[in-house]
Amino acid sequence: MAYDFSAIEPKWRRIWEERGAFCASRDERLPKFYCLEMFPYPSGALHMGHLRNYSIGDLTARFLRMNGYNVIYPIGFDSFGMPAENAAIKMKTHPAEWTTRNIDHMIEQLKSMGCSYDWKRVVKTCMPDYYRWSQWFFLQMYKRGLAYRKHAPVNWCEACGTVLANEQVIGDGVCWRCDTPVVKKGLEQWFLRITDYAGELLDCLDELNGWPERVLTMQRNWIGRSEGVRFDIAVADSGLSIEAFTTRIDTIFGMTFVSIAAEHPLVSELAERMAPDKRAEVLEFASRMASRSAIDRTASGGDKMGIDTGFEAINPANGRRVPIWIADYILMDYGTGAIMGVPAHDQRDFDFARKFGLGIIPVVRSEDAPIPDPGAMSRATEADGVSCNSGPFDGLPTEKAIEKIGEWFEERGWGKRETQYRLRDWLISRQRYWGTPIPVVYCDRCGIVPVPEELLPVELPLDAVIPPNGGNALLGCPDWVNTVCPNCGAPARRETDTMDTFICSSWYFFRYLSPGLDSGPFSRSGADYWMPVDLYIGGIEHACLHLIYARFFTKVISDLGLTAPDLREPFTGLLTQGMVIKDGAKMSKSLGNVVDPDEIIKKYGADTARLFILFASPPDRSLDWSDKGVEGAHRFLGRVCRLVEENLTELSSASVERVPMDKLAGAEVRGLKRLIHSTVDRVTRDIRDERQLNTAVARLMELCNGLAAFSHKGGDGAAVFREGVEALLLCLCPFCPHISEELWQMLGHGELLSLSKWPEADGSALSVDSVTVVLQVNGKLREQYSVPSGLSRDELIERVMSEEATRKRVEGMEIVKVIAVPDKLVNVVAR
RNA sequence: GCGAAGGUGGUGGAAACGGUAGACACGCAUGCCUCAGGAGCAUGUGCUCGCAAGGGCAUGGGGGUUCAAGUCCCCCCCUUCGCACCA
């Protein structure tokens, strides 16, 4: 009988569903485990990345369930977003219709994988009962000043027709979704004050031991902390001043110029006071610099450009006058957009000073050297040392000087020590239709009016027509836009921008815990029991997007009192799966190297697809798709089938009693017993401790090979054989649940394999009777001997040295030393 | 430039502690079975010298520590990814 997966797989999915095998409920007697996958965007069909993600997730959920954990393993859909609008235009449908259809299809696909989801908990973010609570969170944040509206230069993607958050501008300044270069635009937009949490977001990373180092570093880079002094520099004879920030206040006496960004507001103020010719020149320079794209700036290779404003700044530390320049290397969106130029101790300032002939004053020297001659310096000295040319602070080591001068500035009221972050507030407005409406109304009398909680949700009008040119459909819904002010009843307009979809995905893992709840976003008791997520599985591309936003939301939720105050992090474990590669490149439609999961499942079955994916590569590395490899996995499952089917008589009549190792006689049966238990031991450790799923599969293949080669199938041999087959099926279950269940049933079991207890390795069965030890001469492998295991060092040496072959090997040599490692080797050092 | 992860057969990938490098698969080869096979089974398969026995060489390159190094230390090269004029 052949391996008929097309009959077996649907059969077992039906049985699991009928028995509600994987529905999660609280059970205080068991340790809980929250296994979570990054939920999919309903793009229309699963791709191999999804298949990999969910194969890893389901394996984990099933493994832990069998190991006595109370597992919650939910799935849902991140179902708002641009592609639905684009598809609506192209296919002349409505985003809601397109999305719903896709979700239905993808649910079918997910089911065909055999994942053990709790299907009662499906969450769809585009449904009013979900986004109502996204809006509610927005209102809570608004109340606390965490959501605010401001006019600012923002990232604009022309292709998407919307603004983007900083995190969504990637690489060389392109849109994360469509790779279009992003431009800056001045707009009034809604922001979330994620920077209020910057320090905590950074500090908590130290405790996330279950996260890959790579992701931690990426987040640390992204949040970017620097401690320094913010201070004012007066502009001579003008009544104006420049705010600057520095981490090296100890070098203040070395300031020889001040630079401001081309976009700095002071540029126009200074320009007003210039002679017309100069003004034109300066404004032209500033606008040329400001309009350059990120790519342009990088392409210039660090060659700095600048222009002298003709104004002078006064160094607060010593009253010295220095020129004020506009420079392209000063960024308006970091610090204050202005710096003190200290060429002696900052390489960028050095390059700039050399190019434009500005002064260089060394104010830090190394302890055992004199003050360097500025003319002879070939580069800036950025290393710590001892202050010089710094008046009363001469002689202080850098660290001390930073502290003392900082204090001095604060005492005089010149500045303030503070911490700067690279992280910017989260811009959440999107000029799109298919998203969560921002629950705000604009009233001519009352201004910005938040929609009262009891009026939520502000429902997205489903009769909107998506403009073919890609604009925001909400603008074409006057009945929806025009409303009354909840405050005063006067005519008012609704906010037509919707929320960034990353808001939807920032709290969905809470919603799974009490889906459909009407009285709040989630139940406190559910969160207390299930949170945090113990293992979160998804792609690394979210390292600085979703994974920062969700951490921020979790902290806000905790501060709102909706969860325990100590629930500060949502995900204690994180597994970032690698990409799926084919022919050396990421699978993509444009390269034409995509493999359709549906076709693989149809041709080989879900068990084969899952097995290949888990076997071909460790989860966190990239996976090379190989059609031949898939066939290999399929062949293996065929062998497992035959192993059971062809030996069914022996297996059925075999004793189910476990025969302990010390009651077993005969090398072959003892060898099999050992193989069974060492396999169980290794597989368990590979999955639980190492997440080395590929080697776990390899062990199971070895066990299968061992069972197939086993010939003593009578008496104790039959019992051990059956024990081995059962161990194989139990261990295989999380990888290939359908076929494992089928064969388990064939063995006469009535209970579900998926809910059976994971096998335990019997330590006494792990010992071996004899081992192969090697003889090395001067570290080179020479002979192999089979000896009883457990010999002591001396016994081993004695045994090996007395061998005829050993004698021949060392004949005529002077033995200097003999090293022995029990059960491993003997190394003879000889001349 | 900074940071992270990598570099092992023809291929994907294995090797807690430094202790038989290449598990397990794919591919390939030979044979068996078969009317046939994109089926199944068996055996072999790092490179190299050799008829063989038996040598030699091999984990990106170069040094070092050690009886013994893919593994530890130093220097260098390459690949991928992230950040990047961050004051």
Side-chain angles (χ1 to χ4, degrees), chain A residues 2 170-172 212-222 224-226 228-230 244-249 251 259 261 294 297-298 300-304 327-331 333-342 345-349 351-352 420-422 540-541 543-544 578-579 581 611-612 615-618 620-633 635-636 638-639 642 682 685 689-690 692 694-702 704-705 708 772-784 816-830:
Chain A
I170 58 164
D172 291 330
E213 199 51 45
R214 191 148 77 109
V215 177
L216 295 175
T217 332
M218 281 167 74
Q219 290 213 358
R220 285 192 185 107
N221 281 342
W222 187 260
R225 167 155 56 198
S226 48
V229 176
R230 182 192 280 262
F245 178 80
T246 181
T247 54
R248 290 294 304 271
I249 194 69
T251 63
S259 275
R297 284 194 173 207
T298 330
S300 66
D303 183 34
K304 299 181 174 34
D328 68 334
Y329 73 99
I330 310 305
L331 310 171
D333 51 12
Y334 190 78
T336 60
I339 58 126
M340 61 175 199
V342 185
H345 305 293
D346 182 289
Q347 190 57 40
R348 295 154 303 172
D349 295 349
D351 294 342
F352 193 73
Q420 281 274 336
Y421 293 93
R422 192 184 160 284
I540 191 144
E541 66 273 15
C544 287
M579 285 188 302
I581 303 282
L611 185 69
F612 167 71
F615 176 56
S617 176
D620 54 352
R621 274 209 250 167
S622 66
L623 176 140
D624 246 38
W625 188 267
S626 149
D627 294 333
K628 293 285 187 186
V630 177
E631 284 182 27
R635 271 203 294 273
F636 168 69
R639 278 200 298 277
R642 283 196 302 279
R682 282 299 305 266
R685 287 193 347 239
D689 306 335
E690 315 286 338
Q692 286 258 52
N694 55 330
T695 52
V697 174
R699 302 297 156 214
L700 294 179
M701 288 174 168
E702 280 176 299
C704 179
N705 293 344
T772 304
V773 296
V774 299
L775 169 73
Q776 294 181 343
V777 176
N778 292 328
K780 279 194 192 297
L781 176 71
R782 289 304 180 218
E783 300 291 339
Q784 305 192 1
V816 181
K817 199 166 155 190
V818 179
I819 289 133
V821 181
D823 290 345
K824 284 258 154 68
L825 58 82
V826 171
N827 187 14
V828 179
V829 186

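Just so it is clear: chains get the letters A, B, ... in the order the sequence lines come, proteins before strands, and each one is counted from 1. In what follows, every heavy atom counts, from backbone to side chain, and hydrogens, waters and symmetry copies are set aside.
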- Sugar-phosphate means primed atoms, P, OP1 and OP2; the rest is base. With that split, encode nucleotides 3-17 of chain B 5' to 3' as B, S or - using protein heavy atoms under 4.0 Å. SS-------BSSSBB
- Just by modelled atom types, is the A:P618 backbone N or O under 3.5 Å from a matching donor or acceptor in the A:Q692 side chain? no
- Check: B:C85 base within 3.5 Å donor-acceptor of A:K304 side chain: yes
- Task: Can you tell me, in whole Å, how much space there is between the C1' of B:G54 and that of B:A39?
- Result: 42 Å
- Result for 5'-nearest mapping on RNA chain B, choosing between A:R248 and A:F636, is A:F636
- Message: What is the distance, to the nearest angstrom, from the CG atom on A:N778 to the C1' atom on B:G19?
- Response: 15 Å
- Who is the Watson-Crick or G-U wobble partner of B:U71, with both distances under 3.5 Å? none
- Message: Between B:G63 and B:G18, how many Å separate the two P atoms, rounded to a whole number?
- Response: 24 Å
- Message: Applying the Watson-Crick and G-U wobble criteria at under 3.5 Å, what pairs with B:A29? Answer none if nothing qualifies.
- Response: B:U43
- Message: From CD1 of A:I540 over to P of B:U80, roughly how many Å is that when rounded to an integer?
- Response: 16 Å
- Using a 4.0 Å heavy-atom cut-off across all strands, classify A:V829 as base, sugar-phosphate, or nothing. sugar-phosphate
- A:V821 side-chain proximity, nearest of B:C26, B:C85, B:G19: B:G19
- Query: What distance, rounded to whole Å, do you find between the two C1' atoms, one in B:A5 and one in B:G56?
  - Reply: 36 Å
- Message: Does the structure show a Watson-Crick or G-U wobble partner for B:U66, both distances under 3.5 Å? Name it, or say none.
- Response: none
- Query: Is A:E702 touching bases, backbone alone, or none of the nucleic acid, heavy atoms closer than 4.0 Å?
  - Reply: sugar-phosphate
- By ring-ring contact (aromatic ring centres under 6.0 Å, His included), which residues pair with A:F352, not counting sequence neighbours? A:F257, A:W325, A:Y329, A:F356
- Message: Nearest whole Å is fine: how far is B:C26 P from A:L611 CG?
- Response: 11 Å
- Message: So if I define the base as every atom that isn't primed, P, OP1 or OP2, how would nucleotides 37-43 of chain B read as a B/S/- string at a heavy-atom cutoff under 4.0 Å?
- Response: -B-SS--
- Item | Between C1' of B:A69 and CG of A:N827, the distance in whole Å | 13 Å
- For RNA chain B, whose closest nucleotide is more 5', that of A:G629 or that of A:E783? A:G629
- What distance, rounded to whole Å, do you find between the two C1' atoms, one in B:C51 and one in B:G46? 22 Å
- Searching all strands shown, indicate the nucleotide that pairs with B:U59 (Watson-Crick or G-U wobble; both distances under 3.5 Å). none
- Listed by chain and number, what are the side-chain contact (heavy atoms from CB on, under 4.5 Å) partners of A:R248, not counting sequence neighbours? A:T246, A:D250, A:T251, A:V364, A:T398, A:I402
- Query: With A:E783, which residues qualify under side-chain hydrogen bond (donor to acceptor under 3.5 Å, both in side chains), at least two apart?
  - Reply: A:R809
- Note on the structure: Answer for the Watson-Crick or wobble partner of B:C51, both distances under 3.5 Å, is none
- Message: Mind checking if A:N705 touches a base, just sugar-phosphate, or nothing, with heavy atoms under 4.0 Å?
- Response: sugar-phosphate
- What pairs with A:R782 under salt bridge (Lys or Arg N to Asp or Glu O under 4.0 Å), at least two apart in sequence or on another chain? none
- Query: Between atom CG in A:L825 and atom P in B:C67, what is the gap in whole Å?
  - Reply: 14 Å
- Message: Between B:A21 and B:U30, how far apart are the two C1' atoms, rounded to whole Å?
- Response: 27 Å
- What does B:G6 pair with, Watson-Crick or G-U, if both distances are under 3.5 Å? B:C78
- Message: Let's test this: given Watson-Crick or G-U wobble pairing with both distances under 3.5 Å, identify the partner of B:C24.
- Response: B:G12
- Message: Tell me every residue that passes salt bridge (Lys or Arg N to Asp or Glu O under 4.0 Å) with A:R230, counting only those two or more places apart in sequence or in another chain.
- Response: A:E243, A:E418
- Item | Strand partner of B:C35, provided both Watson-Crick or wobble distances fall under 3.5 Å | none
- Query: When the P atoms of B:C33 and B:A25 are considered, how many whole Å apart are they?
  - Reply: 25 Å
- Message: Would B:G9 be called syn or anti here, given the cut-off of 90° from 0?
- Response: syn
- May I ask you to say what A:R225 touches in the nucleic acid, namely base, sugar-phosphate or nothing, with a heavy-atom cut-off under 4.0 Å? nothing
- Item | Set of residues satisfying side-chain contact (heavy atoms from CB on, under 4.5 Å) with respect to A:L216, sequence neighbours excluded | A:L205, A:L208, A:W211, A:E213, A:R220
- Task: Mind calculating the distance between CH2 (A:W625) and C1' (B:G27) to the nearest angstrom?
- Result: 18 Å
- Item | Nearest-Å distance once atom P is located in both B:A14 and B:G64 | 31 Å
- Query: Sequence neighbours excluded, which residues qualify as salt bridge (Lys or Arg N to Asp or Glu O under 4.0 Å) partners of A:R348?
  - Reply: A:D346
- Task: Look at all strands and tell whether A:G224 reaches a base, only sugar-phosphate, or nothing, counting heavy atoms closer than 4.0 Å.
- Result: nothing
- A:L611 and A:V697, any side-chain heavy atoms less than 4.5 Å apart: yes
- salt bridge (charged side-chain N to carboxylate O under 4.0 Å, His left out) between A:E631 and A:K628, worked out: CA-CA 5 Å; A:E631 284 182 27; A:K628 293 285 187 186; 5.0 Å; no
- Is the backbone N or O of A:M579 less than 3.5 Å from a side-chain atom of A:S622, with the two atoms forming a donor-acceptor pair by type? no
- Message: Taking only the C1' atom of each, what is the distance from B:U66 to B:U71 in whole angstrom?
- Response: 13 Å
- Check: A:N778 side chain, A:A830 main-chain N or O, donor-acceptor pair, under 3.5 Å: yes
- A:L775 CG to B:G19 P, straight-line distance once rounded to whole Å: 18 Å
- Between B:G54 and A:K780, is there an OP1 or OP2 to side-chain N/O distance shorter than 4.0 Å? no
- Item | Whole-Å gap separating P (B:G1) and CG (A:D346) | 18 Å
- Nearest-0.5 Å distance, CG of residue A:N694 to CZ of residue A:R699: 9.5 Å
